[in-house]
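Structure record follows, encoded as structure tokens.
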Amino acid sequence: MKKMLDKETETFNSTKSSKVLREIEKLRLSLTKDPNNAKLHVRLGDLYVAWHLDISNSYQYIDEAITEYQIALESYMDSPELFYKLGKAFYYKGDFDKANNYLDLAIGKKTDFSQAYYLKADIFTKKANFSEAKRFAKIAAKGVVNSSNAHYLLYKLYDTSSFKNFKTSLLAKWEHLLAVLTLPFDKDAIENVFLNIYYLRFIPLFMLGFYYLSAKRYDKAKDLYDSAIEKAPGFASLYCLLGDIYVACGHYEDAICEYKMAIWLDSLNVQAYRRLCRAYEEQGDYDKAIDIYYKLISMAPNMPDLYSNLGNIFYIKGEFELAVKNYQTAITLNPNKRWTSVIAQTLGFVYQENKQDPDSAISAYQTAYMLTPDDIDIYINMGSAFYDKEDYDNALAIYRKALELDPNNAKIHCNLGFLYWGKGDTEQAMQEYELAIKFDKNYAIAFNNLGVIYLDDLGRIQRAVELFKSAIEANPNYALAYFNLARATTIIGDKVEAAKLYQVSQDINKITMEIDPQDIEEKIKGLFE
């Protein structure tokens with residue numbers, strides 16, 4: 001059945017192409033006899049455009065069409081229709097600036113030229129200037145019966161930006177209704193509907209492709225989608241799926257090309273934009289990812305995850321002010337309590353760790369607490385922020401409240417140990433660290449910190465060595481534990497072993513950056529002085 005369908009389609013396209021070719025040859029022959037016949041040049045340009053748009057001859061002969069129209073323009077300098085045709089030809093070529101110039105000339109000659117306004121709206125959509133796209137689409141749709149395409153574009157523009165916006169959502173529904181009501185009078189819109197119906201035949205192919213992708217049979221999936229694109233080069237979803245395959249294979253440049261093609265074909269394809277952002281992020285090209293996120297935000301300004309994702313990229317780049325700004329916007333939009341709580345905690349972390357602003361961090365954590373008071377991480381983070389502020393009483397109160405929710409939480413006990421130690425209550429600190437180890441047998445930080453107390457406060461070297469070794473066993477990449485074990489080993493008198501441990505600490509620290517490198521170098525130097 002499938003092979004028969006493909007053969008019939010191919011035969012139809014071949015017949016259509018042959019007919020266009022015969023017409024072109026006939027007009028060329030006529031022009032040799034009458035080279036100054038502007039009507040013949042216009043007709044030949046139309047045929048070249050038709051051939052360019054033919055599904056079996058995509059992206060061909062648009063330059064020839066432009067040449068024919070420009071020759072005709074010498075005779076029809078006041079023709080708005082010819083300016084429109086030239087604008088449309090440059091649009092198909094991808095030269096939006098020249099297309100806009102010719103469309104402006106067409107509108108200058110004919111101020112109610114709805115098709116020209118619609119094409120300008122489409123161009124601004126592709127250029128991600130959505131406010132201008134709406135403006136021209138509204139003009140195109142105003143008072144014209146054959147304006148289904150313009151209403152449909154407005155529907156898509158409103159629908160894309162309608163998240164959590166009731167008024168915009170109503171406008172989208174209204175424009176969709178108008179697009180349906182005016183469809184019988186809009187020839188271009190009817191052709192688009194038939195084209196979309198034609199694309200429905202690819203649903204079984206999608207399902208097969210998803211199966212290949214889930215089974216990690218990437219070559220099979222790629223061949224399947226490549227073949228489909230040859231038959232339907234205007235179907236944006238196929239390019240997105242092909243891009244997904246390239247991402248799965250780690251071929252990000254190829255994926256980016258496919259996602260860009262999907263966006264070219266459907267400039268309001270939010271998922272294609274999102275996938276393009278992801279590909280740039282995976283590639284490490286954060287600046288381009290940021291540019292795409294800004295375009296997405298201009299298209300859909302009320303989607304909070306766009307701002308949080310943008311905040312994450314700015315955080316990775318070390319641009320903390322911009323990260324904070326975007327996290328704050330995401331929190332303001334608040335899609336649901338749990339998600340917003342996570343973003344508020346992220347904002348608190350940025351304030352605390354990167355901006356050294358514990359007051360702002362506490363405020364962010366309090367926002368998270370109001371949203372999800374059962375989230376134990378909020379208490380841990382807020383207590384840490386109070387500790388950084390040297391407000392030990394509030395930190396202690398927060399940790400005790402957290403223990404009421406989760407008395408066996410090792411991290412809370414470890415933080416309490418650190419707090420008591422900072423207050424000079426060594427005995428209580430040791431009890432909390434012992435509880436942390438009791439509830440988590442592999443808690444490297446608790447082992448290390450307890451070891452430091454035994455080493456520096458109690459002078460019990462052998463017990464400290466045992467605890468540092470336990471910390472290293474729990475986390476073999478714990479530079480600070482090696483450093484402290486080296487300190488204890490130095491006191492015992494084994495300087496050679498201590499030097500080895502300091503060297504291991506130094507090597508790991510180059511990656512983890514837990515310790516000031518100068519501290520390690522000074523310890524190594526001091527061993528043999």
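Just the heavy atoms: all of them, side chains too, but no hydrogens, waters or symmetry mates, feed the values below. What you see is a predicted model, and the numbers here were worked out from it, not measured in a lab.
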Nearest-0.5 Å distance that lies between atom OH in Y259 and atom SG in C240 = 7.0 Å
key: Aromatic centroids of F90 and Y102 separated by under 6.0 Å   = yes
key: Pairwise side-chain contact, P304 with F163, heavy-atom cut-off 4.5 Å (strictly under)   = yes
task = List the steps, then state whether ring-ring contact (aromatic ring centres under 6.0 Å, His included) holds for Y218 with Y212.
result = CA-CA 7 Å; Y218 301 128; Y212 285 142; over 10 Å; no
query = Any side-chain heavy-atom pair from N449 and I445 closer than 4.5 angstrom?
reply = yes
key: Residues D406, K411: salt bridge by 4.0 Å N-O rule   = no
Near-ring test Y387/F418, centroid separation under 6.0 angstrom = yes
task = Would you check if the side chain of N269 reaches a backbone N or O of A272 as a donor-acceptor pair within less than 3.5 Å?
result = yes
query = Within the side chain of Y48, is there an N or O that forms a donor-acceptor pair under 3.5 Å with the backbone of I66?
reply = no
key: S227 side chain to D223 backbone, donor-acceptor under 3.5 Å   = no
request  = Nearest 0.5 Å please: distance from the CD atom of Q506 over to the NZ atom of K523.
outcome  = 14.0 Å
Verdict with reasoning, V504 to I508, per side chain to side chain contact (heavy atoms under 4.5 Å, CB included) = CA-CA 6 Å; V504 173; I508 295 173; 3.8 Å; yes
message = side chain to side chain contact (heavy atoms under 4.5 Å, CB included), that's the test. Do Y211 and R217 meet it? Break it down for me.
response = CA-CA 8 Å; Y211 165 74; R217 298 172 66 181; 4.0 Å; yes
request  = Would you give the length of the straight line joining atom CZ of F468 to atom CG of L485, rounded to the nearest 0.5 angstrom?
outcome  = 7.5 Å
Just distance, no hydrogens or angles: give the donor-acceptor pairs under 3.5 Å from side chains in residues 316-326, sequence neighbours left out.
residue, atom, partner, partner atom, Å
K317, NZ, D287, OD1, 2.5
K317, NZ, E319, OE2, 3.2
E321, OE2, K355, NZ, 2.5
N326, ND2, L322, O, 2.9

request  = Under the side chain to side chain contact (heavy atoms under 4.5 Å, CB included) rule, what do E521 and Y502 come out as? Steps first, then yes or no, please.
outcome  = CA-CA 8 Å; E521 290 176 10; Y502 278 130; over 6 Å; no
message = Can you confirm whether or not the ring centre of F439 sits under 6.0 Å from the ring centre of H413?
response = yes
Exam field: side chain S169 to backbone N165, donor-acceptor pair closer than 3.5 Å = no
inquiry  = Side chains of L276 and K260, heavy atoms from C-beta outward: is any pair under 4.5 Å?
reply    = yes
D357 and Y351: side chain donor to acceptor below 3.5 Å = no
key: Pair R338 + D374: basic N to acidic O under 4.0 Å   = yes
key: Side-chain heavy-atom pair N149, D122 within 4.5 angstrom cut-off   = no
message = Has N509 got a side-chain atom pairing as donor or acceptor with I515's backbone, closer than 3.5 angstrom?
response = yes
task = Could you tell me whether a side-chain N or O of T160 sits under 3.5 Å from a main-chain N or O of L157, the two making a donor and an acceptor?
result = no
query = Hey, does the side chain of S384 reach the backbone of I380 with a donor-acceptor pair shorter than 3.5 angstrom?
reply = no
key: Donor-acceptor under 3.5 Å (Y225 side chain, G243 main chain)   = no
salt_bridge(R278, D244) N-O dist < 4.0 Å = yes
inquiry  = Has S161 got a side-chain atom pairing as donor or acceptor with Y158's backbone, closer than 3.5 angstrom?
reply    = yes
F136 ring center within less than 6.0 Å of F124 ring center = yes
message = Regarding R274 and D305, does a basic nitrogen lie under 4.0 Å from an acidic carboxylate oxygen?
response = yes
ask   = Is the shortest side-chain N to carboxylate O distance from D291 to K295 below 4.0 Å?
value = no
message = For a quick check under 3.5 Å, do E281 and Y293 share a side-chain donor-acceptor pair by atom type?
response = yes
key: S505 (side chain) donor-acceptor with L501 (main chain) under 3.5 angstrom   = no
key: side chain to side chain donor-acceptor pair (under 3.5 Å) partner of Q345, the single match among T367, D377, D375   = D375
inquiry  = Tell me if the aromatic rings of Y273 and W264 count as close, with their centers under 6.0 Å from one another.
reply    = no
